[in-house]
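Step one of this worksheet: look at the structure below.
All values derive from a computational prediction rather than experimental measurement. Order of listing sets the numbers, starting from 1, for every ligand and every atom in it. Values reported hereafter were calculated over all heavy atoms of this structure, with side chains retained and with hydrogens, waters and symmetry mates removed.
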Amino acid sequence: MQEAKAASVGIVGGGLAGLAAAVALAERGLQVELFESRRCLGGRATSFEDPETGELLDNCQHVAMGCCTNFADFCRRTGIDNSFTNHDRLHFFGPDGKRFDFHATNWLPVPLHLAPTFMRLSYLSIRERVGVGQTLRKLARTQFHRKTEEPSIGQWLRANRQSEQAIKRFWEVLLVSALAESLEHASLSAARKVFVDGFLRARTSFHLQVPNISLQGLYDRVQAWLEARGAIVHLGASVSSVEALQDSDQLSIAVDGTRRRFDSVVVALPWRRVGDVLPPERESVAASATQIQSSPITSLHLWFDRELTDLPHAVLVDRLSQWVFARSSRDRRHPDDEHYYQVIISASRDLATRDRADVRDEVLDDLKTTFPAANDAKLLRWQMITEQHAVFSVRPGFDKVRPAQRTSTPNLMLAGDWTQTGWPATMEGAVRSGYMAAEAILDSRGISTPVVVPDLPVSWLSALLGMAP
Ligand SMILES: Cc1cc2nc3c(=O)[nH]c(=O)nc-3n(C[C@H](O)[C@H](O)[C@H](O)COP(=O)(O)OP(=O)(O)OC[C@H]3O[C@@H](n4cnc5c(N)ncnc54)[C@H](O)[C@@H]3O)c2cc1C
């Protein structure tokens, strides 16, 4: 591999996008300096300290899927891949609390590998199950033309005569949590991506990867990995502008009253912050960022006096609570007589006008219907966190306003989950964008080396059925 040791790269933003760019470039011998305004790395995928115990808890349980090839690569490279537990079974609970384990069969080729388990979902009528199967096939075969107006997935499902019950009990369950957007707002193409990449292209693509230490614990190791390769990580370093220099090809980063010069810069900020630092000639990027809307995610952190379930997670069908996660890591500081669960509600706009205690009570009712032990359990304490700008909203036409990682300045790149990756707001999208920015920097320096990892291969039958991306 060619190396360009002399080249310096400044990275603005220490979320997963910035970290991925830093890892890819530091590994290839570039001098990397990363500036993060907060006192910790990780951005929106972050941890906080439980004031009661001092334990680190994640703001929201983050999970990856088997189809997240670049995120997996990032974890492998930095040595944090051993801090994830792979789940090849998803535990669904129907509206009446009946449990269904969603898993693949080995005896059927992809994409039929999930059909037997799907056909057992008795909270859908047989007619609905058949209808969902046919509609899934149609969705996977739908091709998009950038010029035509795209409907929302909700509009499309109704036009394809999906019953309200099938929409509530199947489509919403998988899509709202994957896209963090309601079906009325989410685009058809984003929904298609979830099913094609997440369920229909490869046998393991739906597997769930859940960190078994806190997110902060992962970043501590990534930071150590970077520093061992000569990268410098500045925390609490808020960048106020990035500008092209008149006297050279370099760019300057203004941070804490000083100006630093770099051969290349990656701006890895969220869409709402990018306009704060980019120079006026980058207005088009800032303007496209202003067209992007946010979608909220709410997490309820609940401590009980007893165990509710021995399952690591549960997907609740047709309930306010969408996903329940049992503690994935046990911190030494955590008292043995407390049992911690997280309940996730994505696209939680409707909660804004509701009383928090009222939301908590509905969640507790959901848990009681799902786990008998919850009926006798005492809630010791609880916390509700809503990230109003958790993710960008994957509205129809959204892909048209996403900027590419390359800007018109050859040595200035963008990264961030919201940039053009084809992915919804995910850790995979963030890492992919960072890798794409790194690849573009290497390319601009005449170093041709692939950084982005390919998707999982499409199964022969999926390809034959026209379900390829
Ligand atoms: C509640 C919630 C739940 C989620 N669940 C999942 C999930 O289960 N699975 C999944 O794949 N994804 C999930 N996501 C999405 C995922 O967290 C994001 O897509 C990803 O973390 C975005 O990374 P990023 O680097 O693009 O942006 P960010 O994480 O926003 O990083 C940008 C960084 O830039 C820093 N910054 C801002 N301004 C400046 C400045 N002026 N100078 C220096 N630094 C600055 C910020 O502090 C931040 O650290 C979830 C997100 C949220 C909020």
(request) Would you confirm whether the ring centroid of Tyr123 sits within less than 6.0 angstrom of the ring centroid of Phe100? (result) yes
(request) Begin with the C-alpha distance, continue with both residues' side-chain angles, and end with the deciding distance and a verdict on side chain to side chain donor-acceptor pair (under 3.5 Å) for Ser299 and His301. (result) CA-CA 6 Å; Ser299 55; His301 304 256; 3.1 Å; yes
(message) Under a 4.0 angstrom heavy-atom cut-off, which atoms of ligand 1 come close to Gln61?
(response) 8 (O)
(request) Please confirm whether Val63 comes within less than 3.5 Å of ligand 1 when only nitrogen or oxygen atoms on both sides are compared. (result) yes
(message) Is the terminal nitrogen or CZ of Arg229 (NZ for Lys, CZ for Arg) located under 6.0 angstrom from the six-membered ring centre of Trp225 and within 45° of that ring's axis?
(response) yes
(message) Does this structure show an ion pair linking Asp399 with Lys193, if we count only N-O contacts that are shorter than 4.0 Å?
(response) no
(request) Between Ser240 and ligand 1, find which residue part has any heavy-atom pair under 4.0 Å and reply side chain, backbone, both or neither. (result) neither
(request) Answer yes or no: are there more than 12 heavy-atom neighbours, outside Asp249 itself, under 6.0 Å from its atom CG? (result) no
(request) Please write down residue, atom name and distance for the protein heavy atom closest to atom 44 (N) of ligand 1. (result) Ser37 N, 3.1 Å
(request) Please check if the side chain of Trp423 supplies one atom and the backbone of Ser433 the other of a donor-acceptor pair under 3.5 Å. (result) no
(request) Provide, to 0.1 Å, the distance between atom 2 (C) of ligand 1 and the closest protein heavy atom, together with that atom's residue and name. (result) Ile297 CD1, 3.6 Å
(request) Please determine if Arg44 and Glu387 form a salt bridge, counting it only when a charged side-chain N lies under 4.0 Å from a carboxylate O. (result) no
(message) Can you report which non-hydrogen protein atom sits closest to atom 23 (O) of ligand 1, along with the distance?
(response) Ala430 CB, 3.5 Å
(request) Return yes or no for this condition: an N or O of Gly416 is under 3.5 Å from an N or O of ligand 1. (result) no
(request) Please identify which atoms of ligand 1 are closer than 4.0 Å to at least one heavy atom of Arg38. (result) 47 (O)
(request) Between Gly18, Ser299, Pro211, Ala17, flag the one that comes closest to atom 25 (O) of ligand 1 by a heavy atom. (result) Ala17
(request) List the closest protein heavy-atom neighbour of atom 15 (C) of ligand 1: residue, atom name, distance to the nearest 0.1 Å. (result) Ala425 O, 3.8 Å
(message) I'd like to know if the side chain of Gln405 and the backbone of Gly434 have a donor-acceptor N/O pair within less than 3.5 Å.
(response) no
(message) Within ligand 1, which atoms have a heavy atom of Ala237 less than 4.0 Å away?
(response) 42 (N), 43 (C)
(message) Heavy-atom pairs closer than 4.0 Å: do any link ligand 1 to the side chain of Ala180, the backbone, both, or neither?
(response) neither
(message) Under 4.0 Å from a heavy atom of Met427: which atoms of ligand 1 are those, numbered in the order shown and with their elements?
(response) 10 (C), 11 (O), 12 (N)
(message) Taking 4.0 Å as the limit for heavy-atom contacts, which would you say applies to Glu387 with ligand 1: side chain only, backbone only, both, or neither?
(response) side chain
(request) Just say parallel, tilted or perpendicular for the rings of Trp323 and His313, cut-offs at 30° and 60°. (result) tilted
(request) Enumerate the atoms of ligand 1 whose separation from the nearest heavy atom of Asp417 is less than 4.0 angstrom. (result) 18 (C), 19 (O), 22 (C), 26 (O)
(message) Return the closest protein heavy atom for atom 47 (O) of ligand 1 as residue, atom name and distance.
(response) Glu36 OE2, 2.6 Å
(request) Go through the steps to decide whether Arg272 and Ser294 satisfy the test side chain to side chain contact (heavy atoms under 4.5 Å, CB included), and finish with yes or no. (result) CA-CA 9 Å; Arg272 296 171 52 251; Ser294 306; 3.8 Å; yes
(message) Applying the side chain to side chain donor-acceptor pair (under 3.5 Å) criterion to Arg327, which one of Glu338, Gln61, Glu55, His339 satisfies it?
(response) Glu55
(message) With respect to Val12, determine whether any N or O atom, backbone or side chain, lies less than 3.5 Å from an N or O atom of ligand 1.
(response) no
(message) How far is atom 40 (C) of ligand 1 from the closest protein heavy atom, and which atom is that?
(response) Val239 N, 3.7 Å
(message) Using a 4.0 Å heavy-atom cut-off, which part of Cys60 comes near ligand 1: side chain, backbone, both, or neither?
(response) side chain
(message) Among Asn59, Leu269, Leu215, Val210, which one puts a heavy atom closest to atom 39 (C) of ligand 1?
(response) Leu269
(request) Would you please indicate yes or no on a ring centroid separation below 6.0 angstrom for Phe371 and Phe304? (result) no
(message) Taking the ring centre of each residue, are His62 and Phe71 less than 6.0 Å apart?
(response) no
(message) Applying a heavy-atom cut-off of 4.0 Å, say which part of Thr426 lies close to ligand 1: side chain, backbone, both or neither.
(response) both
(message) Heavy atom to atom 32 (C) of ligand 1, shortest distance: which of Pro270, Gly43, Gly13, Gly14 holds it?
(response) Pro270
(message) Is the distance between the ring centroids of Trp171 and Phe195 under 6.0 Å?
(response) yes
(message) Evaluate Leu16 for polar contact with ligand 1, using N/O atom pairs at a separation under 3.5 Å.
(response) yes
(message) Only heavy atoms of Phe35, strictly under 4.0 Å: list the atoms of ligand 1 that pass.
(response) 43 (C), 44 (N)
(request) Report the nearest protein non-hydrogen atom to atom 31 (O) of ligand 1: residue, atom name, distance rounded to 0.1 Å. (result) Gly15 CA, 3.4 Å
(message) Considering non-hydrogen atoms of the protein only, which is the closest contact for atom 29 (O) of ligand 1, and what is the distance?
(response) Arg44 N, 2.8 Å
(message) Only heavy atoms of Ser238, strictly under 4.0 Å: list the atoms of ligand 1 that pass.
(response) 41 (N), 42 (N)
(request) State whether Arg169 and Asp318 are salt-bridged, where the test is any N-O pair (Lys NZ or Arg NE/NH1/NH2 against Asp/Glu carboxylate O) under 4.0 Å. (result) yes
